[in-house]
Each structure stands twice: as structure tokens, then as C-alpha cells.
Amino acid sequence: MQKPVFDAPFPDAPVSDIDPYETRHLGDPSEFHHVLRRNGPLVWLTHYGVWATGRHRELTEIFKNHRTFCSSRGVGLQDFKTEEPWRPPSLILEADPPEHARMRKVLSSVLSSNALSALRNGFEKEAEQRVERLLGVEEFDGVAELAVGFPISVFPDAVGLTEKNRHFLLDYGNLVFNMLGPRNEIAARAAVRAEQAVAWIAKQCERSNLADGALGSDIYRYADQGEITEVEASLLVRSLLSAGLDTTVIAIGNMLRCFADHPEQWRLLRQHPGRARFAFEEVLRFASPVHTFYRTADEDVEVSGVPIREGEKILLNIDCANRDTDRWPDANVFDITRRPGGQAAFGVGIHACVGRHMAALEAEVLLQALAAKVGRIELTGEPVPEPNNALRGYRKLPMSLKVGD
Ligand code: OVM
């Protein structure tokens, strides 16, 4: 199929005809990253008619300037001002101040590290049992058993969901993230798989389907207090279910890959298990789960000398920015002893991940359970990438956990 071409918005604009959403680039972004680094601070992508950047400086500047670079026109390729979104927009992800702040306040108290500390013991027990079962198994799939297996056995309970049909959560998350890109094959396949999931999710967001004392019903408490409406509460629960599972699944898979590839870093972590939190931050920098979010210019503006016109979209390539050697001279080295402050995997500014304490809790608990028992994480076969329009991670990680040193 011939792809449309969107001409450069002005003569001499840096352009590229690369399609970052081709499956091969989604699996291995190095060629796209090279284009982003070589062509200047911003590059015009002729296939989509959007700007793109993978530089840490510009990406951070754009994320921080939420007034000019808005989220309410969608944080994917689609402009909500001119195209109908596929679902009612998220009240937090796809919103601007002041509406955004009211929602953010609710989710940040429900997901504060204090609020989550009660979950730690249960998470630890589950992680320890899971690791114990896998020790010495000759070969297993690290994605199924750990990256999916662990979050799906703790997160839905934390939210207060019913036991039944939890697999729909993965189909739904897969859809949400794929729909941030173009309507390519990958998005079409995700949509078919998620057809039933969409209705199921809406149902789980209702107050009556959420267990007392869990995170979902915590959100409804703010409706009882009149800070948000009942409908807003249900959409905030939907945000938990949209953003809360696939992201940690991908992150944990990437974490396993990082340590399998860097046994010396694994030894270091075992010597200093208290570093699990920093180690996870470094995993996120080195192998960022979300590769792309967009912003939309809500007015004419200039970034690093490049004029951007009102209505133009900017693709922010997070995983490229997190490997920017202008920001970290040794950006391509996986090093858990660094303090990766400024890493952009959780985003930057007012929209930075509100669930990051949940993500960190899950990863840290699993990492510590592994570090207590496992001498080496070994790949036993080729990892299989999972192409996704917004996430980068694995579908399969054949591996084994070796006991001892
Ligand atoms: C939401 C949402 C969906 C996807 C991602 C996300 C990374 C949030 O529905 O609010 O944050």
C-alpha cells in the first residue's frame, strides 16, 4: 500500500521518510534512533506529518511545557480535535490543567507510597513463592511466569477486581497502548482481541464490582466526599486498569533481560539488595517500557530554533532520550550504581506517572525475591519481541534461574 506523504512544513526542515511503526523498527529501534540523533533536534516524519524528537533536552523541555504542548488533544498520533477518539478520553492522561489537577490529586493520594505500603507483605509472599517454584526449572518463559505471572497475581487484587476473566486486562492494556499509534496491522489485531475486553473493563469500573478496602473503592471514596463525580470515579478506575498492568509486565520482562545480559550487574545487586529501587530506575532508563508519547502544540512555538505550528503533533521518543549521550556520556552502559535522575521513562512534569510507586513496589519486591535465591538469570533461547505502537518489550523470554553463585 502506498503511504501518504506529508510535505515539510517549511523549506529546509529536517525530514525523514522512515516509518517508526513498521514492525521491524518497533522490534529494533536503532535505525529510527539514529535518524532522530542525526537529523537535528526535531525531525519531520513525512509518513505521518508529525515532528519527532529523541533528544533528552528537547523531550524534557516539551514535557515540561504542558501549557503549549497539551495532552487534551491526545497523547497518541491522533488529534482529538479533528478525529474522534476510540473511547471517552482518559480524565488524567488525556487532559490539561485545571481539570487534570483535580483528577491527579485523587489518584496520587490513592497511589501514594504510604497508601501502598500495606500491600508490600502480600506482594513479597507471592514473589517468593513464585521464585521458589521456578528455581532449577530447566527452561521456562520468563514473560508468562514472571513478567505477566507476578503482576497479574497481585495487581488485580490490589485494585479489588473479581477473580474471573482477569486475562481481559492484558488484552485491554494491549489495545490502549497500540491505539496510541497509527491504525496499522498491529492495532487492528489488538482491536479484534480486545473486543470483549472493552465491555468487561467498563463493568469492572463500577462501584459495585470493586472489593471494599482496595484501590478501586478508595477512588470512590473521593466521589462520596464530593471531590469527583461517580462517573469520574469510574473513569479513574479505568485509568488504573489501562495503565497499571501492561506497563509493569513489559518493565519486568525488560528487567529480566537486562540482568540476564549483564551477569556482573546481577552479582552487584545480590551484594547490595538494598539497591533494588535504583536498579529498577536504571532498567527503566536502559530499556524504557513506553517508547513513545505525543504532545500537540496548542499555539505556534519554537523549540531549539525549529518553528512548530499550532496543531502539529510531536512524537517524543522516550527510549531514545534515555540513551542520549549528551545527557549521560555512558548512556549505553547498563549500570545499577548510577543515580539515573532525570531518566524519562515515567515521563516528566505534571503528567509523570502517578502509579510509579506501584510499579516500583512490584519490581523491587520481585527483584529482591530473585536476588535472595538466584545466582544467575540465564537466557536459554532467543527472546521474542512484542511489537507494540507505544510499548517496547518481550512476548517470550526463554530462561532459567540458576541457584548458587
Ligand atoms: C489512562 C492511561 C492509559 C494509558 C496509559 C496511561 C501511561 C494512562 O487511561 O489514564 O499512562
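Whatever order the structure lists ligands and atoms in, that order sets their numbers, starting from 1.
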Of the backbone atoms (N, CA, C, O) and the side-chain heavy atoms from C-beta on, which set of [X] has a member under 4.0 Å from an atom of ligand 1: side chain, backbone, both, or neither?
X	answer
R87	side chain
Y172	neither
S90	side chain

When you check the gap from the basic side-chain N to the acidic O, do [X] and [Y] get nearer than 4.0 Å?
X	Y	value
E132	K373	yes
K313	D79	no
E128	K125	no
R55	D324	no

* To do: Nearest 0.5 Å please: distance from the CG atom of L236 over to the CG atom of L241.
  =>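 Result: 11.0 Å between the selected atoms.
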
Can you report which non-hydrogen protein atom sits closest to [atom], along with the distance?
atom	result
atom 2 (C) of ligand 1	L93 CD2, 3.6 Å
atom 6 (C) of ligand 1	A243 CB, 3.3 Å
atom 7 (C) of ligand 1	F293 CZ, 3.7 Å
atom 4 (C) of ligand 1	V176 CG1, 3.6 Å
atom 5 (C) of ligand 1	F177 CZ, 3.5 Å

* So, N174 side chain and L170 main chain: donor-acceptor pair closer than 3.5 Å or not? ->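 Judged by distance alone, no pair lies under 3.5 Å.
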
* Indicate yes or no: does an N/O atom of R238 lie under 3.5 Å from an N/O atom of ligand 1? =>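 Such a contact does not occur with ligand 1.
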
* Asked: S400 and E139: side-chain donor and acceptor closer than 3.5 Å?
  ->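 S400 vs E139: no donor-acceptor pair found between side chains.
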
